[in-house]
Protein chains: 2
Amino acid sequence: MEIMTNSEENYIKGIYHLSQGGQHSIATSALAEKMDTKPSSVTDMIKRLSEKELLHYKKYQGVRLTEKGTAQALRVIRKHRLWEVFLVDKLGFAWDEVHDIAEQLEHIESEMLVDRLDALLNFPDFDPHGDPIPDKNGRFKTREKKLLSAMLPGSSGICVGVKDSSSQFLKFLDKHQIELGKPIEILELESFDRSMHIKIGDRKLQISHQIAANLYVKPKPE
Amino acid sequence: MEIMTNSEENYIKGIYHLSQGGQHSIATSALAEKMDTKPSSVTDMIKRLSEKELLHYKKYQGVRLTEKGTAQALRVIRKHRLWEVFLVDKLGFAWDEVHDIAEQLEHIESEMLVDRLDALLNFPDFDPHGDPIPDKNGRFKTREKKLLSAMLPGSSGICVGVKDSSSQFLKFLDKHQIELGKPIEILELESFDRSMHIKIGDRKLQISHQIAANLYVKPKPE
DNA sequence: ATAAAAATTTAGACAAATCTAAAAATATGT
DNA sequence: ACATATTTTTAGATTTGTCTAAATTTTTAT
Ligand SMILES: [Mn+2]
Ligand SMILES: [Mn+2]
Ligand SMILES: [Mn+2]
Ligand SMILES: [Mn+2]
């Protein structure tokens, strides 16, 4: 494991996240968008990362992480999510306040620190946004989850994650007491605007399609 | 408070520490030594910091922190020492293992994070090495302390700090069960090699001058 | 199939932080 | 006081990461 700069780590993480969208290879422009930078800068960085064998690159063909690159991405993601849990559980931050701080903390280098933090937090499987936390070998729990918007009236489940984790969306959920872990039931779907009547916990409310399209639910079997 | 790079913060901190040695102004060469870099690099950085009004600089005359520079140094030192307390108290690190990790953590930017960490740790006044932790206004407790080597036979006090905080020295102290907070009594001084017979806690032992010259003691009055 | 559009790469520049080698200023010793 | 030694600064180069503008390749549309 050679040393990586913060910027290199951020690119690798960005590529990893884009790869979760199912694409075989990630386009320069997509990565530029993700990293909030110019395609020319991405090309430069891609060459360095390819040199270090963290990704596969053929000119004009986009990139794909190597095994080594994937492992590195998972290490950074592990740190990011563990720090988020720390900030929420130990320092009382709200779930919409932790991302930017975790963006900095994820680059702190010390395997011992990460593993002890993991232990302090009781080896959490998921972060405050419902995303899985890789263990020290890069393995993580997966669980069945569907977007609420993809569920049918009459079905039910448990609220387990968010797709959009912007502060605005998270605060909106707070305001309506929509929390991870709560049972959720789809009562009715308005075909006109696709808004949904749901029961969350023991309260009923109506939410727009945009909200339903950003909430993950673990469906109850049957 | 404009943004500072990690490197700028490290220089400011280095200058602050050298200034504690009493000098009116800090020489380029002294700072180069401290920062483990070349004098020419120091000159470059000094110009940038002077531009930002963090220090006073006249060519060939060395540097001195401005008010603003001092405040900035204290903010970084506060973070460094709070993180050291966190690592020891909450993650169970030994006092000789925390410095390098704190060197990284001290650059994390978030006033809220620092203040909440401070609260989690119960607003500690001193770090694991006995150094004072500035509060959010940059104020810190001072306490009377003398090098053990400067104390006379028959006098006594409490062990409150280390001058050398290298891992080797700290491990040496661990091995001989010399811990901060323990009462210490000077029994006899060998004039030949200045080694000391002391009682620490309830054990007697003999230590070399080099050890005594790196241990701080709060002397008992009278 | 070719021309136009879009995506990607290259070329050249810049800021931060470092280095080596050379020049300039300051300090020291007789 | 003046030559020598030491310290400090300057000049020029390098690495990382970014940018703009131009060139090149790929994709899309007619
Ligand atoms: Mn996050
Ligand atoms: Mn998260
Ligand atoms: Mn330290
Ligand atoms: Mn310390």
Side-chain angles (χ1 to χ4, degrees), chain A residues 1-15 18-19 21 23-65 69 72-73 76 103-104 106-107 109, chain B residues 1-15 18-19 21 23-65 69 72-73 76 103-104 106-107 109:
Chain A
M1 246 135 295
E2 56 242 90
I3 289 119
M4 283 174 79
T5 66
N6 286 8
S7 192
E8 287 172 338
E9 287 190 344
N10 286 336
Y11 272 89
I12 289 295
K13 193 166 56 107
I15 295 165
L18 289 174
S19 303
Q23 333 293 329
H24 175 74
S25 99
I26 305 303
T28 303
S29 53
L31 189 49
E33 166 110 341
K34 177 94 177 174
M35 304 308 293
D36 196 24
T37 188
K38 303 291 167 185
S40 54
S41 306
V42 170
T43 302
D44 283 349
M45 179 58 91
I46 274 173
K47 285 177 183 165
R48 277 196 289 277
L49 296 174
S50 169
E51 200 61 45
K52 295 191 179 186
E53 298 188 278
L54 292 160
L55 45 77
H56 298 291
Y57 171 54
K58 279 209 291 286
K59 272 193 197 177
Y60 297 98
Q61 303 308 133
V63 297
R64 205 176 73 255
L65 291 182
Q72 203 55 51
V76 178
E103 279 298 314
Q104 300 179 63
E106 73 188 2
H107 302 294
E109 274 188 76
Chain B
M1 244 138 298
E2 57 240 90
I3 290 121
M4 283 174 77
T5 65
N6 286 8
S7 192
E8 287 172 339
E9 287 189 345
N10 286 335
Y11 272 89
I12 289 294
K13 194 166 55 106
I15 295 165
L18 289 174
S19 303
Q23 333 293 330
H24 176 74
S25 100
I26 304 304
T28 303
S29 53
L31 190 49
E33 166 110 342
K34 178 92 176 174
M35 304 308 293
D36 195 25
T37 187
K38 303 290 165 183
S40 54
S41 306
V42 170
T43 301
D44 283 349
M45 180 57 90
I46 274 173
K47 285 177 183 166
R48 277 197 291 276
L49 296 174
S50 169
E51 200 60 46
K52 295 192 179 185
E53 297 187 279
L54 292 160
L55 47 76
H56 298 292
Y57 171 55
K58 279 209 291 284
K59 271 193 198 177
Y60 296 99
Q61 303 310 132
V63 296
R64 206 174 72 255
L65 292 181
Q72 204 55 51
V76 178
E103 279 298 313
Q104 300 179 63
E106 73 187 1
H107 302 295
E109 275 189 75

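Residue numbers begin at 1 in each chain, while the letters A, B, ... track the order of the sequences.
- Remark: B/Leu65 CG to B/Leu18 CG distance equals 10.0 Å, nearest 0.5 Å.
- Proximity of B/Arg48 to the phosphate of C/dA16: no side-chain N or O atom is located under 4.0 Å from OP1 or OP2.
- Atom CG in B/Leu49 sits about 12 Å away from atom C1' in C/dA16, given to the nearest Å.
- As rounded to whole Å, 12 Å separates atom P of C/dT8 from atom CD of A/Glu33.
- Residue contacts shown for B/Ser41 include a base, since a base heavy atom lies under 4.0 Å away.
- Considering only heavy atoms from C-beta on, A/Val42 comes within 4.5 Å of A/Tyr11 through its side chain.
- The CE atom of A/Met45 sits 16 Å away from the P atom of D/dT15 (whole-angstrom rounding).
- Closest to the side chain of A/Ser29, out of C/dT8, C/dA17, D/dT16, is C/dT8.
- Note: CG (B/Leu31) to C1' (D/dT7) measures 14 Å, nearest angstrom.
- Listed nucleotides C/dC19, D/dT7, D/dT20 differ in distance to B/Thr37; the shortest reach to its side chain belongs to C/dC19.
- The OH atom of A/Tyr60 sits 9 Å away from the C1' atom of C/dA7 (whole-angstrom rounding).
- B/Thr43 has a side-chain polar atom (N or O) that falls below the 4.0 Å cut-off from OP1 or OP2 of D/dT9.
- Using a 4.0 Å cut-off, some side-chain N or O of A/Lys47 falls inside it from OP1 or OP2 of C/dT10.
- Between the P atom of C/dT18 and the CD atom of B/Glu8 lies a distance of 10 Å, rounded to the nearest Å.
- For C/dA24, neither phosphate oxygen OP1 nor OP2 lies less than 4.0 angstrom from any side-chain nitrogen or oxygen of B/Lys59.
- In this structure, B/Asp44 places its CG atom 14 Å from P of C/dA15, rounding to the nearest Å.
- For residues 42-64 of chain B, the side chain to side chain donor-acceptor pair (under 3.5 Å) pairs, not counting sequence neighbours, are B/Glu8-B/Lys52.
- Close to C/dT9, at under 4.0 Å from its OP1 or OP2, lies a side-chain N or O of A/Thr28.
- Looking at the side chain of B/Ser40, the nearest of the listed nucleotides C/dT20, D/dT8, C/dT9 is C/dT20.
- Residue B/Lys34 places its NZ atom among more than 12 non-hydrogen atoms of other residues, nucleotides or ligands, all under 6.0 Å distant.
- Rounding to whole angstrom units, OH of residue B/Tyr11 and C1' of C/dA17 are separated by 8 Å.
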Step-by-step side chain to side chain contact (heavy atoms under 4.5 Å, CB included) determination, A/Ile15 to A/Leu55: CA-CA 9 Å; A/Ile15 295 165; A/Leu55 45 77; 3.4 Å; yes
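- Here the side chain of B/Gln61 is nearest to one of D/dT9, C/dT26, D/dT26, namely C/dT26.
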